[in-house]
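The block underneath contains the structure these notes are about, expressed in C-alpha coordinates.
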Amino acid sequence: LCVGRWEDDQKNAPLLRRALRGVTRTLPDVRVTVVGSGTDRFAGLARVERVENVPNSKMPAMLDAHRFLLSASRFEGFPIGGLE
(Lines give C-alpha, C1' and ligand atoms only; values in the text may rest on other atoms or scores of the structure.)
Protein backbone atom coordinates (compact mmCIF):
# COMPACT_ATOMS: atom_id res chain seq x y z
CA LEU A 1 0.00 0.00 0.00
CA CYS A 2 1.42 3.36 -1.04
CA VAL A 3 -0.47 6.51 -0.02
CA GLY A 4 0.37 10.04 -1.08
CA ARG A 5 -0.20 13.14 -3.18
CA TRP A 6 1.80 11.73 -6.08
CA GLU A 7 1.79 14.97 -8.08
CA ASP A 8 3.74 16.60 -5.21
CA ASP A 9 7.51 16.46 -5.70
CA GLN A 10 7.91 15.70 -1.97
CA LYS A 11 6.28 12.29 -2.44
CA ASN A 12 8.87 11.32 -5.08
CA ALA A 13 6.64 9.41 -7.50
CA PRO A 14 9.55 8.66 -9.90
CA LEU A 15 11.41 6.83 -7.11
CA LEU A 16 8.30 4.89 -6.13
CA ARG A 17 7.61 3.95 -9.77
CA ARG A 18 11.15 2.59 -10.17
CA ALA A 19 10.89 0.69 -6.89
CA LEU A 20 7.52 -0.81 -7.79
CA ARG A 21 8.76 -1.87 -11.21
CA GLY A 22 11.65 -3.71 -9.54
CA VAL A 23 9.48 -5.29 -6.86
CA THR A 24 6.83 -6.53 -9.29
CA ARG A 25 9.51 -7.99 -11.58
CA THR A 26 11.31 -9.72 -8.72
CA LEU A 27 8.25 -10.97 -6.82
CA PRO A 28 5.71 -12.22 -9.37
CA ASP A 29 2.97 -12.80 -6.77
CA VAL A 30 3.07 -9.32 -5.24
CA ARG A 31 0.19 -6.92 -5.76
CA VAL A 32 0.36 -3.22 -4.95
CA THR A 33 -2.26 -0.55 -4.30
CA VAL A 34 -1.26 3.08 -4.85
CA VAL A 35 -3.69 5.54 -3.28
CA GLY A 36 -4.01 9.29 -3.68
CA SER A 37 -4.06 12.07 -6.20
CA GLY A 38 -1.78 11.73 -9.19
CA THR A 39 -1.88 7.94 -9.43
CA ASP A 40 -1.78 8.26 -13.22
CA ARG A 41 2.01 8.34 -12.76
CA PHE A 42 1.81 4.59 -12.07
CA ALA A 43 -0.27 3.66 -15.12
CA GLY A 44 1.01 0.64 -17.01
CA LEU A 45 2.78 -1.01 -14.08
CA ALA A 46 1.96 -4.69 -13.75
CA ARG A 47 -0.11 -5.69 -10.70
CA VAL A 48 -0.45 -2.10 -9.49
CA GLU A 49 -3.99 -1.00 -8.65
CA ARG A 50 -4.54 2.76 -8.62
CA VAL A 51 -7.14 4.34 -6.33
CA GLU A 52 -7.60 8.12 -6.37
CA ASN A 53 -9.57 8.62 -3.17
CA VAL A 54 -10.11 6.59 -0.01
CA PRO A 55 -12.24 8.09 2.77
CA ASN A 56 -10.56 8.15 6.17
CA SER A 57 -13.18 5.72 7.47
CA LYS A 58 -11.99 3.11 4.91
CA MET A 59 -8.26 3.48 5.59
CA PRO A 60 -8.10 1.10 8.59
CA ALA A 61 -9.54 -1.75 6.50
CA MET A 62 -7.24 -0.92 3.61
CA LEU A 63 -4.19 -0.91 5.91
CA ASP A 64 -5.37 -4.21 7.41
CA ALA A 65 -5.64 -5.82 3.95
CA HIS A 66 -2.00 -5.06 3.06
CA ARG A 67 1.25 -6.36 4.52
CA PHE A 68 3.40 -3.28 3.93
CA LEU A 69 2.94 0.49 3.87
CA LEU A 70 5.55 1.84 1.46
CA SER A 71 6.63 5.49 1.49
CA ALA A 72 8.90 7.21 -1.02
CA SER A 73 8.63 10.64 0.60
CA ARG A 74 11.71 12.81 0.44
CA PHE A 75 11.12 14.62 3.73
CA GLU A 76 8.87 12.57 6.03
CA GLY A 77 10.65 10.23 8.41
CA PHE A 78 7.81 7.71 8.48
CA PRO A 79 4.67 6.87 6.46
CA ILE A 80 2.21 9.49 7.65
CA GLY A 81 -0.75 7.70 6.02
CA GLY A 82 -0.91 5.20 8.87
CA LEU A 83 -1.05 7.96 11.45
CA GLU A 84 -3.72 9.96 9.68
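The chain is numbered in sequence order, starting from 1.
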Atom CZ of Phe68 and atom CG of Leu1: how far apart are they, to the nearest 0.5 Å? 12.0 Å
Out of Arg5, Lys11, Glu7, which residue meets the side-chain hydrogen bond (donor to acceptor under 3.5 Å, both in side chains) rule with Ser37? Glu7
Compare all side-chain heavy atoms of Phe42 with those of Leu16 and state whether any distance is below 4.5 angstrom. yes
How close do Leu27 and Arg47 get, heavy atom to heavy atom, and via which atoms? O-NH2, 3.4 Å
In chain order, what residues pass the side-chain contact (heavy atoms from CB on, under 4.5 Å) check against Arg21, with sequence neighbours excluded? Arg17, Arg18, Arg25, Leu45
Can you name the side-chain hydrogen bond (donor to acceptor under 3.5 Å, both in side chains) partners of Thr24, sequence neighbours left out? none
side-chain contact (heavy atoms from CB on, under 4.5 Å) between Thr33 and Met62, intermediate numbers included: CA-CA 9 Å; Thr33 304; Met62 186 164 261; 4.3 Å; yes
Nearest 0.5 Å please: distance from the CG atom of Asp40 over to the CH2 atom of Trp6. 12.5 Å
Quick check: do Val48 and Arg31 have side-chain heavy atoms less than 4.5 Å from each other? no
Kindly indicate whether the side chain of Val35, heavy atoms from C-beta on, has any atom under 4.5 Å from the side chain of Cys2. no
Restricting to non-hydrogen atoms, name the atom on Lys58 and the atom on Val54 that form the minimum distance, rounded to 0.1 Å. CB-CG1, 3.7 Å
Please find the pair of heavy atoms, one from Arg50 and one from Thr39, that lie closest to each other, and give the distance. CD-O, 2.9 Å
